[in-house]
Amino acid sequence: MNIKSRNLGQLEELCSDIRERIIDVVSRNGGHFSSTLGAVELTVAMHKVFDVQKDPFIFDVSHQCYPHKLLTGRWEEFETIRQFRGLSGFTKPKESSADYFVAGHSSTSISLAVGAAKAIKLKKEKRIPVVMIGDGSMTAGMVYEALNELGDIKLPVVIILNDNEMSIAKPIGSISKYLSKILAGKFYQSFREKIDRNIIQKLPEGATYIAKKIEESMKLITPGIIFEEMGIDYIGPIDGHNLEEIIETLEIAKAMNKPVIVHARTVKGKGYSIAEGQHEHWHGVGPFNKDNGEFIKKVSAKSATAVFADALVNLATKYDNVVGVTAAMPSGTGIDKLMKEFPTRFWDVAIAEQHAVTSMAAMAKEGFKPYITIYSTFLQRGYDQIIHDVCLMSLPVVFAIDRAGIVGNDGETHQGAFDISYLRFLPNMVLFAPRDEETLNLAIEYSYTLDKPCAIRYPRGAFTPLSFKATAFEFGKAELLKEGTSNKLFIGYGAGVSRACETQELHKEDIAILDLRFVKPLDKELLKQLSKKYNDWYIFSDSQKQGGVGSAILEFLNEEKININLTSFEYEDHFIEHGDTKVVEESLGLLPSLLVNKIN
Ligand SMILES: Cc1ncc(C[n+]2csc(CCOP(=O)(O)OP(=O)(O)O)c2C)c(N)n1
Ligand SMILES: CC(=O)[C@@H](O)[C@H](O)COP(=O)(O)O
Ligand SMILES: [Mg+2]
């Protein structure tokens, strides 16, 4: 699509067409709706001013990249967004060369731009990285690590700060307050008065002259702007839905030939009135009726997240040293419920996984019992903190790991595949998992009694109901759910137990089923006993094979010199793509009907 030759009127029409396409497709497929609608004009302006063929276009998180996809040859294919083998909901270079980098986790964009800018300089090329980052993503530490260097080396980078005064939930912290204060101020008017559009437009493309003029004006308008103090020029706030103004400002920023932040005020959900504004539930949506905004609800059982939240409410009611934290995912992790009931003991700390872990380590040292409620994929951000601040001191912090296993349409950046592998080899760490709702309640109760760091994992959505009566957790104890007459043993961990049960039901033999419960420490005694009776073992767990549950058991068998045929039905050594969870599991050969054949 050639944007360069279009005039303002045509570009505004294009914005309407883009919005219509997004509303239509997302209402059917689901997706990141309000973020992407709010970024339409900013994205069109980026494409007008910069050259996507050569300038790195870097989208933070990249959940707002739908307009960019539509502008870069994916208008028709957009129909398939977030569906299996269809377009990804995030930027993905394998999908298009217009996508500079994979993203999905927040606040990496400015570091990428700094790296790209250094490379461009060394290669003596004339390109300029352009970043789009949201106000929520500006709360993470990585951003300030990158700005700290950028303000010093002063390489040309244009950062568009897309400020809708929302993260997924309300943005948290002093940076957010600071940005809001700027938006609320009168800078915008003064800025418009000082920089006369007509004068600037008539100037020759002399970067230094324009830059000087901007600088002079900005000094008058924005004393003490934090970014200026860090050595990065600041322009704004501008109206992020006024195409003419955005294009003009980006032209200026580009000509300045140094690091510049363009602060744009936008409205999340812009163009779909029902979603416009600060409505958290329009951030990521399932299919909905676009005429009235009603969600097409599937009747489903209570989610593991909701079961967890209720269990934690009970615990926090009983024990007043129970505290907890989320890193910007209050509703996603269910902790919003606790923040309401116990506002002085549960916190959203913004997109700050590292800080969440370390601050809770200190609370544990002070005698509190912290629950870090977090998605498996985002806990990766706080890894050194788990080792250095929690495990080394063996502090009784509980990691309540949500979204373990395949998460569905978000795909490879978000799959909860690796937590067992990256936590299992940490000294002092205890790992256990519930198989269903009832055992999740028991697991939360049990976690309170442990005087060590531990991690409990549970899946996105609801558990498959099981009929086994639940027994209390005991340190390092597995639970044999049934004996069998064949020489096979199915070993399930967490949600893997129900897959083991379903596979057993489809199999003609009568097979024993073990709920492992603890992958660290293993129930070595029971495993030894079972090895005398069964010698074909099959592992069912929603986790990476390398370092996962099968690995743990193989290490044990090897140490004990026990000879068992072991097959692990965990994830193979590749990243797992997006799509409906069941469809993805089918493609991996992990549905019970397919596993039965493999076993045969
Ligand atoms: C490291 C990390 N933690 C949490 C998330 C979950 N997450 C995705 S988008 C988002 C909010 C981002 O807010 P903002 O940057 O303002 O974008 P907006 O949706 O408002 O456009 C969060 C918390 C993530 N993607 N990465
Ligand atoms: C972009 C992002 O990281 C979040 O919006 C994420 O997609 C939420 O996932 P859930 O839908 O599982 O809460
Ligand atoms: Mg935002």
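As the structure lists them, so they are numbered: ligands from 1, and atoms in each ligand from 1.
Residue nearest to atom 21 (O) of ligand 1, selected from Thr326, Asn164, Asp348: Asn164 (by heavy-atom distance).
Backbone and side-chain nitrogen or oxygen atoms of Met166 are examined, and one is located within less than 3.5 angstrom of a nitrogen or oxygen of ligand 1. Checked against a 3.5 angstrom limit, the closest N/O atoms of Ser35 and ligand 1 fall inside it.
Atom 26 (N) of ligand 1 has its closest protein heavy atom at Ser106 N, 2.9 Å. Atom 14 (P) of ligand 1 has as its closest protein heavy atom Gly136 N, 3.5 Å. At the top of the distance list for atom 15 (O) of ligand 1, counting protein heavy atoms only, stands Ser137 OG, 2.6 Å. Given atom 13 (O) of ligand 1, the protein heavy atom at minimum distance is Ser167 CA, 3.4 Å. Scanning all protein heavy atoms for the shortest distance to atom 5 (C) of ligand 1 gives Phe378 CZ, 3.3 Å.
Looking at Ile168 against ligand 1, both its backbone and its side chain come within 4.0 Å, counting heavy atoms. Contacts between Lys268 and ligand 1, counted as non-hydrogen atom pairs separated by less than 4.0 Å, involve the side chain only. Only the side chain of Ile351 comes within 4.0 Å of ligand 1, judged by heavy-atom distances. With a heavy-atom cut-off of 4.0 Å, Gln64 does not touch ligand 1 at all.
Listed for the Asp60 side chain is a donor-acceptor partner under 3.5 Å among the backbone atoms of Thr108. Asn164 places no side-chain N or O within 3.5 Å of a backbone atom of Asp135 that could act as its donor or acceptor partner.
A side-chain N or O of His263 and one of Tyr234 form a donor-acceptor pair less than 3.5 Å apart. In this structure, a donor-acceptor pair under 3.5 Å is absent between the side chains of Thr333 and Asp402.
Residues of the protein with a heavy atom under 4.0 Å from ligand 2 are His32, Val61, Phe90, Gly104, Ile168, His283, Tyr375, Phe378, Arg403, Asp410, His414, Arg460, listed by chain and number.
Taking 4.0 Å as the cut-off between side-chain N and carboxylate O, Arg460 and Asp410 do not count as a salt-bridged pair. The pair Lys270-Glu41 does not meet the salt-bridge criterion, since no charged nitrogen lies less than 4.0 angstrom from a carboxylate oxygen. A salt bridge links Asp542 with Arg499; the closest basic N to acidic carboxylate O contact falls under 4.0 Å. Ion pairing between Asp24 and Arg28 holds under the 4.0 Å rule for side-chain N and carboxylate O. By the 4.0 Å N-to-carboxylate-O rule, Asp310 lies close enough to Lys302 to be salt-bridged with it.
Judged as a salt bridge (charged side-chain N to carboxylate O under 4.0 Å, His left out), and not counting sequence neighbours, the contacts of Glu572 are Lys545. Shown here are the salt bridge (charged side-chain N to carboxylate O under 4.0 Å, His left out) partners of Arg435, two or more places apart in sequence or in another chain: Glu479, Asp515.
Using cut-offs of 30° and 60° for the angle between ring planes, the His47 and His68 rings count as tilted.
By the 4.0 Å heavy-atom criterion, Gly104 is counted among the residues contacting ligand 1. In this structure, Met329 has a heavy atom closer than 4.0 Å to ligand 1.
For the pair Phe399 and Ile386, the minimum side-chain heavy-atom distance is below 4.5 Å. Looking only at side-chain heavy atoms (C-beta outward), Asp384 and Gln354 stay at 4.5 Å or farther from each other.
Taking a cut-off of under 4.0 Å to the non-hydrogen atoms of Arg381, the atoms of ligand 1 that pass are 1 (C). Ligand 1 places these atoms under 4.0 Å from at least one heavy atom of His63: 9 (S), 17 (O), 18 (P), 19 (O), 21 (O). Listed by atom number, the atoms of ligand 1 under 4.0 Å from Ala328 heavy atoms are 23 (C). Atoms of ligand 1 found under 4.0 Å from any heavy atom of Glu353 (numbered from 1 in listed order, with element): 1 (C), 2 (C), 3 (N), 4 (C). The distance from ligand 1 to the heavy atoms of His283 drops below 4.0 Å at these ligand atoms: 9 (S), 19 (O).
Only protein N, O or S atoms were considered, and those under 2.8 Å from the Mg ion (ligand 3) are Asp135 OD1, Asn164 OD1, Met166 O.
Between Tyr458 and Phe463, the ring centre distance reaches or exceeds 6.0 Å.
A side chain to side chain donor-acceptor pair (under 3.5 Å) with Lys170 is found for exactly one of Gln278, Glu280, Glu165, namely Gln278.
One finds the CD1 atom of Ile374 at 5.0 Å from the CD atom of Glu353 (value rounded to the nearest 0.5 Å). Interatomic distance, Leu440 CG to Phe308 CZ, rounded to the nearest 0.5 Å: 8.0 Å.
Remark: Lys290 is not positioned above the aromatic ring of Tyr272, lacking an NZ or CZ atom under 6.0 angstrom from the ring centre and at most 45 degrees off the axis.
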